[in-house]
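Single-structure report; data block below.
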Amino acid sequence: MPPKRRKNAESKQPDDATEKPPAPAQRQKLSLPDELVNEKKKKSKVKWSPVFRRLGYFALIIFIPTVLNYAALKQETRALVDKGGQLYDVGWGQKLFMHCMGEGLPTVLLEAPIGHSSETWCLVQPLIAKRTKVCVYDRAGMGLSDRAYLNTSEYANDFSEAAKERDRTQPSTVERMVEDLHRLVSYASNQPKPLLLVSSDFSTFISRFYTQLYGHEVAGLVLIDPAFESLFDSDNAHDNKWADYWYNHTLSHMRAVHLSASLGLNRLALMVGLMPPVEDPELNRILPEDIITRKKHLLCQPKHLTSAFDEYYFINESMSQLKTMFRVKPFPGYIPVTIATYKRRNRHLSHELTKAWSEGSNKLMRNVHTGSKRVQLPGADYLMFYQNPQSVTSVVVAMVEAWRRDSSMAA
């Protein structure tokens with residue numbers, strides 16, 4: 001029996017041998033695919049690594065300035081509001097910035113030029129405040145004010161039918177701006193009436209539209225270099241030039257500035273001196289440091305630049321609204337109007353554009369404000385508000401004193 005068991009054990013030996021590791025030749029043959037895989041991985045790494053590295057650098061270049069700009073804007077906005085003025089809720093949670101100085105009637109309201117915010121009047125406001133109360137404010141989305149809220153589902157749930165009524169007008173058009181302004185001065189801040197409305201270029205549409213709706217609240221108008229609502233009409237060669245300049249030059253430039261601000265590139269450009277914070281280098285020595293700081297903030301603020309673009313983009317709609325208002329309700333002739341024009345031509349505009357603008361101002365005096373008073377101001381554009389604020393102040397104060405004389409005689 002024992003020899004038999006040995007034989008069985010020997011017979012099982014070949015079976016056990018099959019479970020041993022493969023021969024060297026077999027191992028070499030089996031490991032060959034792994035080497036090929038490693039070689040392919042190495043080639044892939046050499047080929048794609050620089051591409052991914054460049055994409056990563058590009059993402060950092062785009063992402064980091066954007067995040068840093070957003071964080072800085074949050075801090076700067078709080079600091080700027082604390083320096084003067086107040087945010088007023090004009091309804092539905094939307095807040096507009098307003099800053100008032102001085103005492104007395106009438107209350108002067110300074111309307112910034114289109115695409116600009118209230119710091120435009122930073123040197124004029126303190127001078128007028130010595131004679132009467134004077135207020136500046138930022139339109140919806142401009143400066144430190146909230147953008148106009150749209151009728152989202154959450155918004156509609158909060159305010160129901162009132163939300164729908166609110167959204168019947170297009171934001172950044174003259175009709176909506178006047179609605180916001182009336183809520184601001186009559187309800188939110190409750191400014192003493194009457195108002196003396198002072199405005200420039202296309203923002204004169206707001207003063208005129210407001211007066212036609214709420215003439216009983218207005219003591220007078222000062223329209224500085226006013227635009228006329230037929231400026232873009234196609235039946236005039238000059239007007240065609242203006243429409244072409246507006247939509248192909250001005251709006252294109254504003255789109256580029258807005259995109260650069262959204263990426264945080266404007267802040268970098270300001271930091272290294274590639275972008276001036278003010279329109280004219282001379283203003284660096286004229287303007288207070290806090291105003292220059294605010295201008296830098298607004299150049300980096302996508303919200304402000306988006307709203308400025310919208311005011312420019314919807315200007316034709318605003319013109320149409322003003323034409324309709326004039327047909328429905330003529331301008332009240334008993335309200336005094338002063339039209340101020342510049343002595344010099346704007347060097348940034350061609351002769352044809354300047355001529356068309358001047359013709360529009362003459363039409364305004366002939367067709368709408370027939371009894372208006374006309375005066376001339378030094379300078380060529382709104383930068384005169386910084387360079388010669390006394391000239392604007394004198395025109396406004398003259399209307400204030402005239403209203404006071406008439407009021408005392410009536411009493």
Side-chain angles (χ1 to χ4, degrees), residues 48-83 87 94-97 112-120 138-150 152 155 170-173 202 245-281 283-284 287 289-315 348 382-383:
W48 291 104
S49 180
V51 175
F52 287 123
R53 192 180 298 118
R54 291 190 187 97
L55 289 174
Y57 291 154
F58 180 75
L60 287 175
I61 290 172
I62 297 297
F63 181 71
I64 291 178
T66 304
V67 173
L68 293 178
N69 183 58
Y70 178 78
L73 288 173
K74 298 289 283 185
Q75 294 181 347
E76 291 168 357
T77 300
R78 287 192 293 267
L80 289 171
V81 173
D82 292 341
K83 285 185 178 179
L87 291 171
Q94 180 187 353
K95 295 181 179 180
L96 299 185
F97 173 82
I114 185 174
H116 295 266
S117 54
S118 57
E119 82 280 352
T120 304
D138 290 333
R139 295 184 291 273
M142 302 297 298
L144 304 177
S145 292
D146 293 341
R147 275 182 62 78
Y149 295 154
L150 297 178
T152 62
Y155 174 74
Q170 170 66 47
S172 301
T173 62
F202 287 97
Y245 171 80
W246 194 261
Y247 289 106
N248 295 327
H249 176 271
T250 305
L251 291 181
S252 298
H253 171 72
M254 296 188 71
R255 281 193 188 99
V257 175
H258 173 261
L259 176 61
S260 180
S262 301
L263 297 175
L265 301 181
N266 284 3
R267 185 174 296 274
L268 293 178
L270 287 168
M271 291 172 63
V272 300
L274 295 177
M275 176 181 283
V278 292
E279 299 88 336
D280 190 324
L283 300 182
N284 284 311
L287 295 178
E289 186 61 33
D290 61 326
I291 297 300
I292 293 179
T293 300
R294 174 167 168 163
K295 283 184 169 292
K296 289 180 178 178
H297 167 81
L298 296 179
L299 279 173
C300 302
Q301 176 59 273
K303 170 185 71 73
H304 167 80
L305 296 172
T306 299
S307 301
F309 177 85
D310 288 346
E311 288 191 354
Y312 277 79
Y313 184 80
F314 290 111
I315 196 64
H348 300 296
Y382 73 94
L383 294 180

**Item:** Shortest non-hydrogen contact from L270 toward C300
**Value:** CD1-SG, 3.6 Å

**Request:** Classify the angle between the aromatic ring planes of W246 and Y312 as parallel (below 30°), tilted (30 to 60°) or perpendicular (above 60°).
**Result:** parallel

**Request:** Would you give the length of the straight line joining atom OG1 of T173 to atom CD1 of I315, rounded to the nearest 0.5 angstrom?
**Result:** 9.5 Å

**Prompt:** Counting only N and O atoms by type, is there a donor-acceptor contact under 3.5 Å from the side chain of D138 to the main-chain atoms of S117?
**Reply:** no

**Asked** Counting N and O atoms only, with roles assigned by atom type, does the side chain of S252 sit under 3.5 Å from a partner on the main chain of N248, one being a donor and the other an acceptor?
**Response** yes

**Request:** Would you check if the side chain of S262 reaches a backbone N or O of P302 as a donor-acceptor pair within less than 3.5 Å?
**Result:** no

**Polar contact flag, side-chain donor to acceptor under 3.5 angstrom, R147-S307** = yes

**Prompt:** Could R294 and F97 be counted as a cation-pi pair, given that NZ or CZ must be under 6.0 Å from the ring centre and within 45° of the axis?
**Reply:** yes

**Prompt:** Do P277 and L283 have side-chain heavy atoms sitting under 4.5 Å apart?
**Reply:** no

**Request:** For L298 and G143, work out which heavy atoms get closest and say how close.
**Result:** CD2-CA, 3.7 Å

**Closest approach of S118 to A112 (non-hydrogen atoms, all atoms of both residues)** = N-CB, 4.3 Å

**Prompt:** Is it true that a side-chain atom of K296 and a backbone atom of M271 form a donor plus acceptor pair closer than 3.5 Å?
**Reply:** no

**Fill in**
Heavy-atom nearest pair, R139 first then H116, reads NH2-O, 3.5 Å

**Heavy atoms of other groups near Y245 OH, more than 12 under 6.0 Å** = yes

**Message:** Can you tell me how far apart CZ (R255) and OG1 (T250) are? Round to the nearest 0.5 Å.
**Reply:** 11.0 Å

**Nearest heavy atoms of D310 and S172, plus distance in Å** = CB-OG, 3.3 Å

**Complete:** Of all heavy-atom pairs linking N266 and L305, the shortest is ND2-CD1, 4.3 Å

**Item:** D146: partners by side chain to side chain contact (heavy atoms under 4.5 Å, CB included), with sequence neighbours left out
**Value:** Q94, K95, Y149

**Item:** Heavy-atom side-chain contact between L287 and K295 under 4.5 Å
**Value:** yes

**Request:** Indicate yes or no: at least one non-hydrogen side-chain atom of Q301 is less than 4.5 angstrom from one of E76.
**Result:** no

**Request:** Would you give the length of the straight line joining atom CG of L259 to atom CE of M254, rounded to the nearest 0.5 angstrom?
**Result:** 13.5 Å

